[in-house]
Amino acid sequence: MRIDRRGFLAGAAALALPAQARAAAPLLTVSTPMAAPRWAVMQRRLLAANAEACAAFYAKYVDARDHLKVFERWGANDGPDDAAEATNDWFLLHALGGSDRIRDLASRFWEGHIRQFTAAKTVDVPIARAGMYHREFPVQMDWQHNAEGLTSFNLMGLSMPGDARLRQRTRRFADFYTGRDPAVRNYDPARRMMRSLLNGSRGPMLRAATPLDWAGDPFDPTPFHMEHGETSYQQTLDHYAEYGDVIGDNPLNLQSTTLGLNAYALGGGERYRRWALDYLGAWAERAAKNNDILPSYVRPDGSVGADWWKSVYGWGFSPVVPQTGARENRNRVPRSITAFMGAVVMSGDMGFIDLWRRQTARINDASRSIDGTLSAPSMYGAEGWYGWKPGPYRASGFEIWYMSQRADDRAAAGDHPWLDFLEGRNPAYPETAMAADLARIAARVKLREEDDTTPETRLADWPIGINPASVASLVQTMTGGLHIARPPWSKTSPPQGGVPLHSRLRYFDPTARRAGVPEDVAALVHSLSTDTTEVTLVNLSAGSERRVVIRGGAYGEHRIDMVTIDGRTTPVGGRDLTLALAPGSGARLALKMARYALRPTLAFPWAG
């Protein structure tokens with residue numbers, strides 16, 4: 001990757017990517033009869049089961065004001081970000097083809113939880129005494145938790161890109177981090193860095209953080225399920241005893257660039273895209289100067305030194321667990337790869353992924369034999385590498401392969417039955433995966449029905465484990481995409497929130513003027529490669545034609561050059577193509593594609 005003196009990618013075709021593809025999507029008619037495949041019937045059943053279970057969940061855990069019925073607290077363990085996650089995946093479910101009611105409920109909840117946590121105030125924690133939200137955004141927290149709280153928000157544009165409040169909020173939230181908002185100085189444009197790990201709508205924390213800042217006001221935890229197993233308030237404080245080192249920049253802050261991506265894709269203007277790429281480019285430069293290792297600490301003056309491994313959630317962050325007295329490795333740097341994946345969507349430049357490949361190589365160069373087994377490190381501190389694990393270092397290996405589709409990255413992606421299916425070795429996978437999601441819904445429904453907690457005895461993180469939305473198999477099979485919020489592909493890829501959808505395809509209903517496959521339509525992506533995608537679409541209706549728009553990528557970033565159906569090839573040359581599926585018909589399509597060739601947009605295909 002080459003960076004010019006301003007920090008923008010230089011020589012990357014990325015900055016000159018065409019903003020628009022051909023305006024009119026070709027219309028192709030499919031009339032070949034297709035008996036209803038079992039996977040298609042299951043797909044429609046899974047969409048319906050999700051919607052029914054989510055509506056019942058809402059009725060139990062959300063009140064008439066659209067507030068979450070929980071004991072309200074500030075804190076990284078059980079604060080507003082956890083409340084915001086109660087309806088995770090509902091917007092994504094709608095964007096795949098779920099009912100409009102689920103989108104409407106998710107929208108109502110988002111508005112309700114903003115009102116709820118703007119009104120909720122702390123007594124002891126200084127930053128939230130006037131409200132846990134300010135200007136509809138968390139007042140000050142790290143971007144592991146800020147991003148989790150934005151999981152739903154950052155996917156809203158898939159279903160409702162024309163919503164005026166969404167557009168306005170996305171720009172406002174992004175400008176908390178671009179340096180544009182004079183009231184919020186989180187970002188230092190001159191040094192191309194965030195000023196603190198803890199930041200938000202009231203700006204950065206420029207002092208050492210205290211356990212109180214992280215854990216929230218005193219309370220008695222005994223009536224509640226405590227996710228980390230604390231049995232006293234003192235233990236909740238002790239959990240954060242070593243969380244004081246927050247001044248300076250940290251890779252977790254890169255998750256803020258998703259706001260820039262969405263602001264741009266929702267029509268906010270080029271400056272959001274350029275800010276995000278400039279900030280990400282600054283981190284790419286830092287890695288290049290640090291032996292290809294992304295540092296976890298940028299000093300307040302913008303420099304990276306011998307203490308590059310410091311900071312909360314950094315390479316050397318192994319705090320004591322108060323319940324056991326043992327140290328636990330909590331390096332969250334690998335999570336930031338999702339921000340670099342977003343950079344590829346915005347720029348088309350695979351250099352943002354190359355740096356992760358080089359980092360993996362450097363870490364594996366440090367491998368050593370431990371008890372006769374070659375082991376790679378996962379941590380780095382004052383004494384050098386530590387956190388040894390058997391085998392090669394493969395954190396983020398799946399994500400690297402998914403983005404590059406390179407054969408030499410495939411081994412690091414590991415083994416998974418979905419990959420076996422895509423590579424022709426596991427034909428039963430779609431049905432098996434959807435059956436697992438149907439079982440997951442049933443299990444969550446049972447948890448809801450048996451849940452005897454009350455709003456006074458449940459914290460904000462409790463409903464997350466009961467939310468029935470189960471879409472991982474749908475994202476994979478329908479779109480050829482990644483469900484990063486619940487990654488099923490690798491034990492080294494931790495769940496995380498607030499990330500964009502990364503997919504090869506997505507769909508729209510041009511008749512109903514909405515996102516997702518139309519009623520009775522099902523889709524199955526069979527294979528992926530660098531420049532081809534094979535997908536089957538089928539209309540299960542016996543009496544009605546269904547029209548569906550197929551788009552290249554979640555953001556229209558992939559150009560569809562040609563489509564081949566039954567041996568006949570048709571040029572496309574744009575983001576979208578439209579199929580008219582006769583009743584009871586279906587077809588397998590081979591799409592020739594140029595990935596990451598177009599500027600990202602969330603506008604519907606028929607938008608002006």
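Here the structure is a predicted model, which means the values were calculated and not measured.
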Cation over ring face, R513 and W606, 6.0 Å, 45°: yes
Polar side chain donor-acceptor pair, N154 to T258, under 3.5 angstrom: no
Set of residues satisfying ring pair (Phe, Tyr, Trp, His ring centres under 6.0 Å) with respect to F91, sequence neighbours excluded: none
H558 ring center within less than 6.0 Å of Y596 ring center: yes
Closest non-hydrogen atom pair, W74 against Q140: CZ2-O, 3.1 Å
Stepwise salt bridge (Lys or Arg N to Asp or Glu O under 4.0 Å) test for D301 and R191: CA-CA 7 Å; D301 65 2; R191 295 184 171 92; 5.9 Å; no
Heavy-atom donor-acceptor pair, R504 side chain to G552 backbone, under 3.5 Å: no
Set of residues satisfying ring pair (Phe, Tyr, Trp, His ring centres under 6.0 Å) with respect to W143, sequence neighbours excluded: Y177
Residues which pass ring pair (Phe, Tyr, Trp, His ring centres under 6.0 Å) with H113, listed by chain and number, not counting sequence neighbours: F109, W110, Y133
Qualifying residue for side chain to side chain contact (heavy atoms under 4.5 Å, CB included) with Q255, from T338, N146, L150: T338
Side-chain (N186) to main-chain (F176) donor-acceptor, under 3.5 angstrom: yes
Distance-only side-chain donor-acceptor flag, D82 / H145, under 3.5 Å: no
Exam field: side chain D561 to backbone G573, donor-acceptor pair closer than 3.5 Å: no
Set of residues satisfying side-chain hydrogen bond (donor to acceptor under 3.5 Å, both in side chains) with respect to S159, sequence neighbours excluded: H94
Residues which pass side-chain hydrogen bond (donor to acceptor under 3.5 Å, both in side chains) with R108, listed by chain and number, not counting sequence neighbours: D66
L254 backbone acceptor or donor facing S336 side chain under 3.5 Å: no
Crowding at CZ, R514 (>12 non-hydrogen neighbours, <6.0 Å): yes
Candidates W401, F398, F340 - the one meeting ring pair (Phe, Tyr, Trp, His ring centres under 6.0 Å) with W356: F340
Donor-acceptor pair, side chain of T122 and main chain of R129, under 3.5 angstrom: yes
Side chains of D461 and N77, donor plus acceptor under 3.5 Å: no
N467 side chain to N88 backbone, donor-acceptor under 3.5 Å: yes
Residues, nucleotides or ligands: over 12 heavy atoms within 6.0 Å of R135 CZ: yes
T118 side chain vs R115 backbone, donor-acceptor pair below 3.5 Å: no
R165/E111 under salt bridge (Lys or Arg N to Asp or Glu O under 4.0 Å): CA gap, chis, key distance, verdict: CA-CA 10 Å; R165 282 184 300 188; E111 299 300 326; 3.5 Å; yes
Ring centre gap for Y243 and W214 strictly below 6.0 Å: yes
Residue list, side chain to side chain contact (heavy atoms under 4.5 Å, CB included) with I247, at least two apart or on another chain: P300
